[in-house]
Amino acid sequence: MKKSVLLFSIVSANYSFANTPELDDLSFESLLATDVQVTSAMKRTQEAKETAASVYVISQQTIKNSGVSSVAQALALAPGMQVRQIDNNKWAIGIRNPSGRYTSKLLVMIDGQSIYNPSLAGVYWEALDIPVYDIERIEITRGQGGLLWGSNATNGVVNIITKHSIDTRGAYLTAKAGNHIDHDVSIRLGGDVDIGNLLSYRFYAKKQKTVASDQSLKWTARDNGEKSSVGGRVDLAINDDTSLLLQADYTDITIGQTLELVSFTTHEGIEFFDDEKRTHGQIMFRIDHRLSDTANQMLQMSLSKQNGYQPYYKERFRHYDIDYQVNMLMGETQFDFGLNYRYNKTPFTKSDFIEPVNQVEFIKQYGGFLQANFELVPEQINLTIGNRSEHNSLTGWEHQPSVRFTLDVDEKQFFWASISQGIRVPTLTEVDFDTKVNGAKVSDIITTNIPSIDNLRIESYLRSNKNIESEKIISAEMGYRIDESNWNFDLSLFYATSNNALNYSVDVNPELFPMLAQLLFIQGDVASAVEVINQQSIDLNLVSTLKAESLGSEVVINWSVHNNLNLQLGYSFTTFRHTEDFSTNLTLSGKLEQLSLTMSTSPAKNHSLFSHLRWESGELYLTDSYAIFDINWRWQINNNIALSLEGKNLLERSHLAYARTNETFSVPTYIDRRIALGISIGF
Amino acid sequence: MKCQFITYLLLVYVFSVSCVHAAEREDAIKAGLIFNFAAYSHGDWFNSVFDNSYFICSESKPFIEVGKKVLKHKFINNTPVKLIHLKSLLTSGDKCHSYYFAGKNVQEQHITHVKSINKKVMLIGDTSAFIEQGGHINFIVIAGKLRFEINPDALNQSGINISSKVIRLGKIKRTSNRG
């Protein structure tokens, strides 16, 4: 048995020796971005077109030509991404499920460092303020990413990869202003020093001030904003085999907002306005070491501090993590394994609206993963199997196994399929916080036909549950790609079932209805009935008992019409339903649909024109379906100076993108039509 | 004991084949970059009217084998690219337009020898002192990716004007004038 295994290895190794590695793109930029080794410490070893997952890459060229000025805006360019602006500052972003202000199914990283916040769940997109011109690419994986990236990557992974500092030497200044932007300025300085193979660095500073929208869903729009950020990166190549990376960023934001907070007397949501203030700081250190031509290892450590002030919530979040990973090639078989430890410190100060009841002040996670990629038929059929096992202090051990299969049908056609389990770990809101929410109207429970009774609201709370289980999602996916010389086609299909999805049970005093009936219909004593109602409370108790399923698809077609014109058509849909016989506001049912058309052209030398048209269904966001049209013209005047003129949301004066007000205290605003003029100078 | 020894030999063989596969990848990227260095240059070191082919030379046979496949059907100024294997570092390379010194055994005398035969040739290497020894472009590996050091002055002296785009992408290294 042992000999036959070895013979198999020799045969497959010999076969591979006869084949030269393929480089489809011999452009400078592509070659400089290609890893010298087949194994890569960043868990990315293949081109997107050969990956057994639904992936999309937003390139730096697209970021530059589109004129986007934030990561959130850039993500809207990717077909299948659910990107909704809540107001001028806040975003709801997700994949394969209705996005929310707080979504715990999308893992977001910068250069492999997670920026996910487990307290209220999700990412504070308004505080993610890295300069977009320093982003090399954004890799989006739609679907399960749990094996490689950990928990809470059940619906997707966004990895923002910044440029190596050797590629950002010199000075670079940008400035932008428009009807929505008072000013947006930044400066970046970079250089190199002869230490080791090379030490290179860059530092940046940026400042932005924006004005409020014209119209709010309710009351007055106050979503202006001010942001300041500084940061930098240092790369040291000690020798050909070892390199170090040190990266740090600090952001300070003050953003206006209109909130709907509960009145303590009427239990009704009332207008409240106060700024949100946040400071985010993070630092990351990584060492990459090439063990041999076929193996490398990586050690990464990071620290993040997020402080937030809201009228309803004060937050001091600390996150430490350490990751170690080895990638190696043995013959044609690739092995990856890693260990990780994460410590999230989440001290919380009680507020009038949110109270910690189970005193969860930290969440610890540790675990590891192992993955093997086997070439069953050389250059044709690959099988990847693996598992991640992770222990967290809320739910214990969780496992995320995965099997992926790829088939190179021929040089141009590629087929892949996978089945995997992903885990969503509960958030602090679910296990520790009792939250005061808008009171339920009496008429939602019982109709008395007495307006002074029916319009009363009963004090209501969303109650946490320390016994909430993690949500387990089993996902089956498949995809097919065709790559021709001037067009390509990418189709993904998926079906996912979820156990222990989040829901709540309603707990109302059973004596309430007989008491009201007695007082109102027998005694006619309205005043006493009002007094009884004011003494009641309703508990919405979080439970993890729901079963749900989703089914959907993404299609992307790229067509290079000729050298100067590229078109991209994207379509995605997802349907959701519960497999139990009741509805809930927490786990939605319905359908999401999106259609997009992107055009990128160079109408004249040194000019580029980028346009993006997108239609979105509104059902699950409680809005109308709408279409948006963005356009950006860029003129590279000379090697150093470029001008840009952008228009966003040009089809309508304003539109509402998000209206699920029960999910957030923030009151959404209408997103206005925007025009901005920008200049960038590099030397 | 015999079985263990055979097993060890077989494992070494498997690993060594893996190493060759990995080295081919690096050679493929280098071949692509060498092609780009030429494509983004102009000057009298190469005349597409009189030269039938653009010759890339190296004493490394594995590099030439890989380069032939990667640069098959590639052209520079409508002139086909061809790769030539030279038997040693001291073999005459008078036809070469680009010369790649592979390996770590390159010494200054090898570079001087090539220059003495052919003053107008683009010299590319991957040893730490290659630029100081008179070379023009030197490959380095940074964070697992290939980058390069470049001496634009030395290139100009060899009749090669390389695009500022290439210079910006590399690390400029200037030395005192060499012949």
Side-chain angles (χ1 to χ4, degrees), chain A residues 2-3 6-7 9-10 12-14 16-17 19-23 25-42 164 166-167 169-170 192 194 196-198 200 235-237 239-245 286 288 290 292-296 328-333 639, chain B residues 3-4 6-11 13-37 39-40 62 65-72 74 104 126 128 138-149 163-166 168-173:
Chain A
K2 216 189 261 186
K3 285 183 189 172
L6 282 171
L7 278 172
S9 302
I10 294 166
S12 59
N14 265 316
S16 73
F17 181 73
N19 295 299
T20 305
E22 285 192 27
L23 297 173
D25 185 355
L26 290 187
S27 67
F28 244 130
E29 290 77 13
S30 175
L31 290 170
L32 294 177
T34 303
D35 286 307
V36 171
Q37 293 199 206
V38 178
T39 59
S40 166
M42 288 305 295
H164 195 284
I166 198 176
D167 296 324
R169 291 167 292 166
D192 62 66
D194 260 333
N197 262 11
L198 190 70
S200 53
D235 294 278
L236 171 62
N239 51 43
D240 280 3
D241 297 326
T242 308
S243 59
L244 308 178
L245 160 64
R286 183 165 81 220
D288 285 283
R290 183 158 71 164
S292 70
D293 282 341
T294 54
N296 55 269
M328 64 175 70
L329 194 64
M330 291 174 62
E332 284 302 308
T333 302
N639 277 344
Chain B
C3 281
Q4 285 175 340
I6 292 172
T7 305
Y8 170 75
L9 280 181
L10 288 170
L11 279 171
Y13 179 70
V14 168
F15 274 109
S16 66
V17 171
S18 303
C19 289
V20 172
H21 185 60
E24 286 176 3
R25 182 181 180 88
E26 188 169 333
D27 280 343
I29 299 171
K30 286 176 178 172
L33 286 171
I34 292 172
F35 165 76
N36 274 284
F37 294 148
Y40 279 90
E65 297 288 332
V66 169
K68 280 179 178 174
K69 290 170 188 167
V70 170
L71 301 180
K72 194 176 176 184
K74 293 294 180 196
K104 307 295 179 189
D126 55 21
S128 58
N138 183 44
F139 287 125
I140 50 178
V141 176
I142 293 178
K145 293 180 173 48
L146 270 176
R147 293 290 188 271
F148 55 92
E149 301 169 317
S163 163
S164 59
K165 171 180 174 170
V166 177
R168 275 201 305 274
L169 290 172
K171 176 178 161 53
I172 298 172
K173 224 171 180 181

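Just so it is clear, the structure is predicted and the values come from calculations on it, not from any experiment. Throughout, protein chains are lettered first and strands after them, A, B, ... in sequence-line order, and every chain is numbered starting at 1.
With a threshold of 4.5 angstrom between heavy atoms, A/Leu244 does not approach chain B through any atom at all. Contacts of A/Ser27 with chain B are made by backbone atoms alone, with heavy-atom separations under 4.5 Å and no side-chain atom involved. Proximity to chain B (any heavy atom under 4.5 Å) is shown, for A/Asp235, by neither the backbone nor the side chain.
Rounding to the nearest 0.5 Å places CG of A/Leu198 at 5.0 Å from NZ of B/Lys171. One finds the CD1 atom of B/Ile142 at 11.5 Å from the CG atom of A/Asn239 (value rounded to the nearest 0.5 Å).
Checked against side chain to side chain contact (heavy atoms under 4.5 Å, CB included), B/Lys165 has the following partners two or more places apart in sequence or in another chain: A/Glu29, B/Tyr40, B/Ser163, B/Arg168, B/Leu169. A/Ser243 pairs by the side chain to side chain contact (heavy atoms under 4.5 Å, CB included) definition with A/Asp288, B/Ala143, not counting sequence neighbours.
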- Could you go step by step and tell me if B/Val70 and A/Leu26 meet the side chain to side chain contact (heavy atoms under 4.5 Å, CB included) rule? CA-CA 9 Å; B/Val70 170; A/Leu26 290 187; 4.0 Å; yes

Quiz item: For B/Phe37 and A/Phe28, what are the C-alpha separation, side-chain angles and deciding distance, and is it a ring pair (Phe, Tyr, Trp, His ring centres under 6.0 Å)?
Solution: CA-CA 9 Å; B/Phe37 294 148; A/Phe28 244 130; 5.8 Å; yes

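The two residues A/Ala237 and B/Val141 have their closest heavy-atom pair at CB-O, 4.3 Å. Here the closest non-hydrogen pair linking A/Leu32 and B/Lys145 is O-CD, 3.4 Å. Shown here for A/Asn639 and B/Ser164, the closest heavy-atom pair between the two residues is ND2-OG, 4.3 Å.
Using a 4.0 Å cut-off between charged side-chain N and carboxylate O, B/Arg147 and A/Asp167 make a salt bridge.
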